[in-house]
Structure formats: structure tokens, C-alpha cells
Amino acid sequence: MARKYWLMKSEPDAYSFDDLMAEPEQTACWDGIRNYQARNFMMEMKVGDYVLFYHSNAKPPHVAGTARVARESYPDHTQYDKKSKYYDPKAPADAPRWQMVDLQAMEKLPRPVSLNELKENPRLTEMRVTQKGQRLSVQPVTRKEFDEVLRMAKK
DNA sequence: GCCAACGTTGGC
DNA sequence: GCCAACGTTGGC
């Protein structure tokens, strides 16, 4: 089965690529996704898929690094944690509503690639993150798009 | 801080 | 099932 490629957003003030790099084994669970479309994409992920780690709400917003899927989707424990801001009182105890994956950091990009650069690159016009009003925090990208972002980071 | 775009909720 | 109200995302 061919590897798939994804883009995942995080606000660096909340959790940055460097934070992921600093984790034991550079690996962490991606909890807190509370959007069905984003969750469904995570449930499609397989170990070894590659991820562009995108910093939203940054100045400017940018792709910061790459990661790989280290564990396929499993229930997000924060939905049952009343002290968590991700607590979901409607999640049935026997049927988890929300799932997460584990991500392992791979490489920090040689330089960040800004959203504006992505928008200006004619090869990336189909990328969802470059399209207006596209807020989805987990989105598929093509291999060509993934490779193109890496190529841009090396110039 | 503003606000457009979008998703969710809940009354009817 | 419709849709207004509301909440969130996230660029600017």
C-alpha cells in the first residue's frame, strides 16, 4: 500500500514542531481533534504516512517540519477527561467519538515555507491550505505537493 | 482585534 | 429537515 501524505495544523503557541522534536522518541499523540472531517482523515492514516507540520496563527503561518504517523488511530482519551478542554460530555463511554494518531517528528525544514509562498507557487494551487476559507486542521496532500514543499524549503 | 468562512446545535 | 443562532478557526 502506497504511503499517503497529509498536512496537520497546530498553533505553535499551543504546540509547536519543536515541542514534538523535544518529546521522548520525538513522538506524541495528536489529541484534541474535534471535527469529524479531520477525524475521518486521521482514521485513514497508516503507520509510515508522511505529514507536513503546519504552524497556524503564526506570523506568518508556515510549514515547519515533517513527521510520520507512528500509530494508527485509537480513541482520544481527552474526550472523557472532565478536566481537559477537549472534554466531550456527549461522547458515549462504549463508543468513542474522537480518535487520535501518534506522530513522530522527522526533519525540521531547513527554513520555514510560508503560506504566502505556497499560494504563489503554481504547482500548489490545488493544496487545500492555500484555498480561502479552508480551515480543516487535518488534510490530505499529494506526494507531488509534499515533495514540492520540501524542495522549496531547500532554496 | 476584526471578521469571513465554516461547522454545530437546537427549536420548530 | 430547515435554518437561525452561535462558536471556532485562522488569515490578515
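Lettering follows sequence order; numbering is per chain, from 1. Below, each value reflects all heavy atoms present in this structure, side chains not excepted, and no hydrogens, waters or symmetry copies.
Listed here is the closest heavy atom pair of A/Pro112 and A/His62: CB-CD2, 3.5 Å.
Residues meeting the salt bridge (charged side-chain N to carboxylate O under 4.0 Å, His left out) test with A/Asp147, sequence neighbours left out: A/Arg143. In this view, A/Arg111 and A/Glu117 satisfy the salt bridge (charged side-chain N to carboxylate O under 4.0 Å, His left out) rule, not counting sequence neighbours. A/Glu11 is linked by a side-chain contact (heavy atoms from CB on, under 4.5 Å) to A/Ala14, A/Ser56, A/Asn57, counting only residues two or more places apart in sequence or in another chain. For A/Arg71, there are no salt bridge (charged side-chain N to carboxylate O under 4.0 Å, His left out) partners two or more places apart in sequence or in a different chain. With sequence neighbours left out, the salt bridge (charged side-chain N to carboxylate O under 4.0 Å, His left out) criterion links A/Lys119 to no other residue. For A/Pro60, the side-chain contact (heavy atoms from CB on, under 4.5 Å) partners are A/Ser114, not counting sequence neighbours.
A/Val138 forms part of a hydrophobic cluster together with A/Trp6, A/Met8, A/Tyr15, A/Phe17, A/Leu20, A/Met21, A/Trp30, A/Ile33, A/Phe41, A/Met42, A/Met45, A/Val51, A/Phe53, A/Val69, A/Val101, A/Leu103, A/Leu136, judged by ILVMFWY side-chain heavy-atom separations under 4.5 Å. Through chains of ILVMFWY side-chain contacts below 4.5 Å, A/Tyr74 is grouped with A/Met100.
The ring pair (Phe, Tyr, Trp, His ring centres under 6.0 Å) analysis of residues 90-147 of chain A, with sequence neighbours excluded, yields the pairs A/Tyr5-A/Phe146, A/Tyr36-A/Trp98, A/Tyr50-A/Phe146.
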Below 3.5 Å between N/O atoms, which protein atoms pair up with nucleotides 1-8 of chain C? Just atom names and distances, please.
from, atom 1, to, atom 2, distance (Å)
C/dT8, O2, A/Arg135, NH1, 2.6

List every contact pair, protein side and nucleotides 10-12 of chain B side both N or O, where the distance is under 3.5 Å.
from, atom 1, to, atom 2, distance (Å)
B/dG10, OP2, A/Lys90, NZ, 3.2

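Residues from residues 92-101 of chain A that place a heavy atom under 4.0 Å from any atom of DNA chain B: there are none.
Note on A/Lys59: nothing from the nucleic acid sits closer than 4.0 angstrom, heavy atoms only.
Across the interface with DNA chain B, nearest-nucleotide mapping of A/Tyr36 and A/Lys132 shows A/Lys132 to be the residue nearer the 5′ end.
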